[in-house]
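Right, one structure below, let's go through it.
Predicted model only: the values in this text are computed from it and were never measured.
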Amino acid sequence: RGTIFDPFGYTKENRAERHLIDEYERAMEKILVLLTPENHGLALEFAQLPGRMRGYGHVKAQNVAVAKRRGAEILSAMAVS
């Protein structure tokens, strides 16, 4: 798994998942810079978003879209506060 010998490592879904991990890590870096005691709850909610990205195929795609929208809302709210 995760090597050149992984036959499923380069499927569209697996590439998208790796991209999601990169996006999440970059967003968490921003959140850590903006973190205050007042927005701690929002930061915690953001940290838990990957747990909402469950399922396979179109179900997972829909859950990812919902989580991404909520993540954008959280980042926006933290930047304003």
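- We find the CD-CD1 distance between E25 and I21 to be 7.0 Å, quoted to the nearest 0.5 Å.
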I'd like a table of donor-acceptor pairs (distance under 3.5 Å, sequence neighbours excluded) in which one partner is a side-chain atom from residues 58-66, with atom names and distances.
unit_1 : atom_1 : unit_2 : atom_2 : d
K60    : NZ     : E17    : OE2    : 2.6
N63    : ND2    : R54    : O      : 2.8
N63    : ND2    : V59    : O      : 3.4

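- Annotation: side-chain contact (heavy atoms from CB on, under 4.5 Å) contacts of E23 (sequence neighbours excluded): H19, L20, R26, K68.
- When the side chains of ILVMFWY residues are joined at heavy-atom separations under 4.5 Å, either directly or via intervening members, M28 and L34 end up in a single hydrophobic cluster.
- Annotation for A27 and F46: closest pair CB-CZ, 3.4 Å, computed over non-hydrogen atoms.
- With a 4.5 Å cut-off on side-chain heavy atoms, V33 and E29 do not count as touching.
- Side chain of Y24 to backbone of L49: no donor-acceptor contact under 3.5 angstrom is found.
- What you find for M53 and A67 is that their closest heavy atoms are CE-CB, 3.6 Å.
- With contacts defined as side-chain heavy-atom distances shorter than 4.5 Å, the pair D22/R18 does not qualify.
- In this structure, R70 and E45 have side chains that are in contact, with non-hydrogen atoms separated by less than 4.5 Å.
- Closest non-hydrogen pair, L75 versus I31, comes out as CD2-CG1, 3.5 Å.
- When the side chain to side chain donor-acceptor pair (under 3.5 Å) test is applied to E38, the partners found at least two apart in sequence or on another chain are T36.
- Rounding to the nearest 0.5 Å gives a distance of 6.5 Å between CG of L42 and CE of M78.
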